[in-house]
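The structure under discussion appears below in the form of structure tokens.
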Amino acid sequence: MTTEQPATAAIGDARPRIEGRLKVTGAARYAADEPAPDLAHGWMITATVARGRISAVDASAALGMPGVLGVLDHRNAPRLDPRAGNYFGPDGSLLLLQDDVVPYAGRPVVLVVAETPEQARAAAGAVVVTYEPYPHDVDFRLDHPAARPASTAFGPEADTGDIEVELAASAVVVDERYRTPEENCSAMEPHAATAWWQDGHLHAVDSNQGPFSVSQVLSTLFGVDRDHVHIRAEHVGGGFGAKGLCGPQMILAAMASRSFGRPVRVVLTREQVFLATALRPPTDQWLRIGADADGRLRAVHHRPAFALSPLAEYIEWCTEQAKTLYAAPAIRTELTAVPLDILPPSSTRGPGATPGSFALESAMDEVAERLGLDPLDLRLRNQPAVGPVSGRPFSSRRSVACLREGARRFGWAGRDHRPRTRREGRLLIGTGLAATCFSAGVFPSTASITAEADGTFTVAVGATDIGTGARTALTAVAADTLGVGTERIRIRIADSDLGMAWGAGGSRGTTSWSFAITQAAAKLRERLGDPARPVTATVDTTALIDYQPATERHTFSAVFAEVSVDPATGEVRVRRMLGMFAVGRVINPLLARSQVIGGMIMGLSMALHEEGVRDPATGRQVNPDFAGYHIAAHADVPDIEAEFVPDYEPQDPLGLNGLGEIGTAGTAAAIANAVWHATGVRQRTLPIRLDRVLEAEGAEVRGAVGVA
Ligand code: MOS
């Protein structure tokens with residue numbers, strides 16, 4: 001491309017994020033910071049019944065209050081096209097203010113619009129919504145009468161060998177249930193959108209993970225051409241899945257802006273984020289694992305159930321690990337969906353893999369316990385040569401490297417595998433590990449690269465940087481693929497006008513966008529024979545992607561944890577954690593490490609703190625705020641080590657795989673297994689609350705003194 005070679009390759013270099021200074025100085029503008037002339041503000045009212053219909057909306061008092069421009073509800077809101085949907089099909093959660101039906105508590109039912117947010121909020125308090133409640137059902141469990149097979153849109157379930165025969169022939173069988181609660185993504189930035197219409201075009205700055213897909217949804221909802229919808233998401237304060245779809249803030253801001261002919265901003269409160277955006281569904285997972293006396297697995301039967309809403313199909317894909325991690329003559333998975341009257345679930349970091357790994361890796365630890373084996377050896381003994389269900393080879397499988405190198409760094413050797421053998425004063429000390437994997441791949445995206453007259457390059461791709469450092473990583477990718485230094489790269493992202501692109505999700509953002517950039521760079525190189533500048537090359541990778549690859553493609557990890565448990569208070573403290581990751585080639589070790597450590601903190605938080613509690617009587621979440629819904633704070637987080645084993649994904653031109661979610665997936669089981677090692681009692685329900693530990697300690701003490 002050029003005769004000057006950059007001093008160092010940018011890929012592999014630990015560089016700080018490009019927009020870091022903008023963020024720490026407050027100059028970075030988020031969706032709620034976008035200035036707009038004549039801006040009005042919308043305030044959302046959410047339903048208080050879990051199922052029913054709206055019998056009346058009395059806005060008369062609100063309409064007379066200062067600054068109020070109007071009140072939108074199902075009687076006067078713009079009509080939306082019900083064909084709008086998500087990846088799985090039509091999605092009723094998008095169809096806000098269209099009818100009097102209340103499908104879940106927290107459903108937005110009214111938007112009050114006023115000159116200031118304070119006026120809108122005050123007026124919202126004066127709107128009286130009356131409901132006719134219907135009976136509701138939020139009683140989640142695996143054996144719920146409405147339980148049905150989940151969608152197989154992510155691939156078929158497994159049924160190899162004869163599960164019952166293999167279980168009957170096993171020396172030990174673990175047959176247990178594992179449960180995880182509702183969880184919330186808890187991104188630091190609450191959902192917000194600022195929207196306006198101009199000449200039939202919809203413009204918005206929105207907090208989301210994929211401006212292009214949001215523009216597609218809005219195009220269908222409002223019946224306007226896709227290229228008349230312009231969505232930007234320049235800076236996003238975390239997403240973790242809850243901003244993966246078109247959120248209520250965006251739909252309501254677009255509606256109100258159309259109705260009132262002014263720019264409208266809608267910013268959710270933390271409570272509204274909990275009640276009205278997305279949740280990780282609770283899971284109830286039945287696992288049976290049978291093994292020979294020498295630790296060879298004979299059977300893995302995983303039957304996880306998750307909750308969803310009848311409004312929208314969804315997959316909490318808990319069965320990938322049971323189909324991928326270990327070899328066994330019989331493997332059966334049965335992913336089960338239970339429709340309930342709850343906020344429609346959506347992806348939360350490591351959807352499915354995270355609760356699924358907790359169950360599988362807890363059960364594996366129980367197999368090791370019953371056999372008196374080192375849990376590390378049990379895992380090493382059952383490594384598959386090819387996909388245990390698919391029979392296809394792995395493109396890169398560095399699971400053993402993660403386990404062995406992690407064990408070495410953590411100091412696993414010499415561990416007494418019997419529980420309740422380590423004490424420090426009154427504290428019980430334990431260690432645990434868990435392995436896991438996460439699906440990897442690439443999705444279609446578009447990239448344009450312009451060689452400018454001044455020797456710099458403008459790289460445009462509809463990527464989103466939700467705090468991951470994507471902007472910085474893609475700059476390095478562009479620099480290396482063009483053969484120039486990063487100072488000659490100008491990157492533009494986060495705008496639906498930049499063309500079709502996958503969002504920041506599924507751990508596939510950077511891989512998908514980088515693939516488009518490498519292809520655009522190759523095309524540009526061909527064109528640069530012509531000395532006339534500027535020259536632009538654009539590539540849409542849709543036709544270049546192999547959707548039926550001949551190999552299994554996953555990332556792998558091993559997480560090790562050490563905990564202390566205070567038997568008097570039930571308090572569990574994680575004292576240290578180490579994660580080893582095989583994620584393909586690492587573009588930027590600084591940002592990658594930060595990403596997986598953040599993931600591990602989320603896993604720690606899941607293990608010990610997070611629990612969305614739903615009141616069966618009202619169907620409402622009772623703790624929709626950070627006072628009632630606990631997430632790990634700084635004081636809960638110990639020194640965490642995270643390292644990468646050398647890895648290279650052969651299916652990718654740069655060797656990349658993805659690392660957005662694997663940090664979260666393996667962590668909760670490692671901590672739960674460490675708690676067992678400390679106390680001798682299994683914690684099969686998350687989070688591992690003080691009362692659960694105390695109850696177990698009570699049983700332990702009663703057992704020790706011989707009372708029932
Ligand atoms: Mo993620 S849960 O793939 O946004």
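First listed ligand is number 1; within each ligand, the first listed atom is number 1.
- When T464, D465, T475 are each tested for a side-chain contact (heavy atoms from CB on, under 4.5 Å) with I493, only one passes: D465.
- Applying the side chain to side chain donor-acceptor pair (under 3.5 Å) definition to pairs two or more places apart or across chains, those involving residues 184-194 are E189-S207, E189-K243, T194-R265.
- Each of Q209, F240, G241, S347, T348, R349, P351, A504, G505, G506, E661 has a non-hydrogen atom positioned under 4.0 Å from some atom of ligand 1.
- Annotation for R392 and T551: closest pair NH1-O, 3.1 Å, computed over non-hydrogen atoms.
- Here the closest non-hydrogen pair linking P108 and L252 is CB-CD1, 4.1 Å.
- Residues passing the side-chain hydrogen bond (donor to acceptor under 3.5 Å, both in side chains) test with H609, sequence neighbours excluded: none.
- With sequence neighbours excluded, the residues forming a side-chain hydrogen bond (donor to acceptor under 3.5 Å, both in side chains) with T180 are T283, listed by chain and number.
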